[in-house]
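Step one of this worksheet: look at the structure below.
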Amino acid sequence: MPSKLAISYARVTKSFGPLKAVDDVSLDIAEGEFLAIVGGSGSGKTTLLRLANRLIEADSGTITVENEDVQNVDPVALRRRIGYVFQAGGLFPHLSVADNIGVTPKLLGVSAADIAVRVDELLELVQLDRAAHRDRLPEALSGGQRQRVGVARALAAKPRIVLMDEPFGALDPLTRDALGEDFRDLHRKLGLTSVMITHDMTEAILLADRIAVMRAGKLLAQGTPAELSKSGDAYVLELLRTPRRQVERLNARLPTSGAA
Ligand SMILES: Nc1ncnc2c1ncn2[C@@H]1O[C@H](COP(=O)(O)OP(=O)(O)OP(=O)(O)O)[C@@H](O)[C@H]1O
Ligand SMILES: [Mg+2]
């Protein structure tokens, strides 16, 4: 048997009216793995992610989280076990940074003193200065800082699994790069299983161990970048070619640095 599974989808389908948003998808995510989900707008990425923590219920098929059928797990308990980073942060605008991060521990009945300690640990973990950020409202943060708070909040209840819906989407490329690298370090340090939706194939290739490609509700392909490059599917190959084509266009326009 391969390593233990964190999440397993077996022939999962979810329709909205006549539309099959997720269409007969089977996908195993191993414990400790970093998986990226890529695919065009409306291809079913968010729906697939939300099925895992029962923000959406499947019509058919089976989803297991750490070998338990999610149907048998209380949805609230499930969401405490699985951290979720919403697209564009999804912070509560009327709560301070500390209160945003402490939302789940508070629901779990953790004492105020213990929450305060945990908030400080998490701010350090995501590299935000405590004194400067703890008591601010989300509106007083930059986009990148908000995303860091979103990650801290997702980690607050010490989940082993983190799901992220385009966590670095709206950021400038440098911030995005730095946050991606920082998250990759956290993933390793905390022994997480991470699933990240991204539109950016370069980001997927650089950060993830494996990539799942969605199109029109179907899982078209899954594998390491090297495995995907041997795919027989034209769309998958086209996606994989994009980063290299961009590099070639950049190289043509930018003088290369150094003596090479
Ligand atoms: N609650 C809903 N009611 C009706 N249709 C929905 C609902 N949620 C999603 N859909 C439809 O299901 C399809 C898949 O949506 P989903 O949000 O999973 O796509 P996505 O791959 O995450 O797209 P994007 O990259 O734009 O975020 C889309 O056609 C969408 O309009
Ligand atoms: Mg989406």
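All values below were derived from every heavy atom in this structure, side-chain atoms included, with hydrogens, water molecules and symmetry-related copies excluded. Please read these numbers as outputs of a predicted model, since none were measured by experiment. Note that ligands are numbered from 1 as they come in the structure, with each ligand's atoms numbered from 1 the same way.
The number of protein N/O/S atoms found under 2.8 Å from the Mg ion (ligand 2) is 1.
Between the side chain of Asn100 and the backbone N or O of Phe92 there is at least one donor-acceptor pair closer than 3.5 Å. At distances below 3.5 Å, not a single donor-acceptor pair connects side-chain atoms of Arg253 with backbone N or O atoms of Arg249. Judged by distance alone, the side chain of Glu68 and the main-chain N or O of Val65 form no donor-acceptor pair under 3.5 Å. No donor-acceptor pair under 3.5 Å is formed between the side chain of Lys4 and the backbone N or O of Glu66.
Close to ligand 1: Gly44, with a non-hydrogen atom less than 4.0 angstrom away. Under a 4.0 angstrom heavy-atom cut-off, His199 registers as being in contact with ligand 1. The shell of residues lying under 4.0 angstrom from ligand 1, judged by heavy atoms, includes Gly40.
Checked for salt-bridge contact, Asp209 and Arg184 meet the test: a charged N lies under 4.0 Å from a carboxylate O. A salt bridge does not link Asp165 with Lys45: every distance from a Lys NZ or Arg NE/NH1/NH2 to an Asp or Glu carboxylate oxygen is 4.0 Å or more.
Taking the ring axis of Tyr84 as reference, the NZ or CZ atom of Arg153 does not stay both within 45° of it and closer than 6.0 Å to the ring centre. The cationic atom of Arg215 (NZ for Lys, CZ for Arg) lies less than 6.0 Å from the six-membered ring centre of Tyr235 and within 45° of the ring axis.
Not one N or O of Phe16 is nearer than 3.5 Å to an N or O of ligand 1, by distance alone. Polar contact check, Gly42 against ligand 1: a nitrogen or oxygen pair lies under 3.5 Å apart.
Evaluation of the side chain to side chain contact (heavy atoms under 4.5 Å, CB included) rule for Arg54 yields Glu57, Val70, Gln71, Pro75, Leu78, Arg79 as partners, not counting sequence neighbours.
In Leu19, the part holding a heavy atom less than 4.0 Å from any atom of ligand 1 is the side chain.
Nearest protein heavy-atom neighbour of atom 17 (O) of ligand 1: Thr46 CB, 3.7 Å. Protein heavy atom nearest atom 26 (O) of ligand 1, with residue, atom name and distance: Ser41 OG, 2.5 Å. At the top of the distance list for atom 25 (O) of ligand 1, counting protein heavy atoms only, stands Lys45 NZ, 2.7 Å. The protein heavy atom nearest to atom 16 (P) of ligand 1 is Thr47 OG1, 3.6 Å.
Taking a 6.0 Å sphere around CZ of Arg241, one finds it holds more than 12 heavy atoms contributed by other residues, nucleotides or ligands.
Among Asp28, Asp69, Thr62, the single residue meeting the side chain to side chain donor-acceptor pair (under 3.5 Å) criterion with Ser8 is Asp28.
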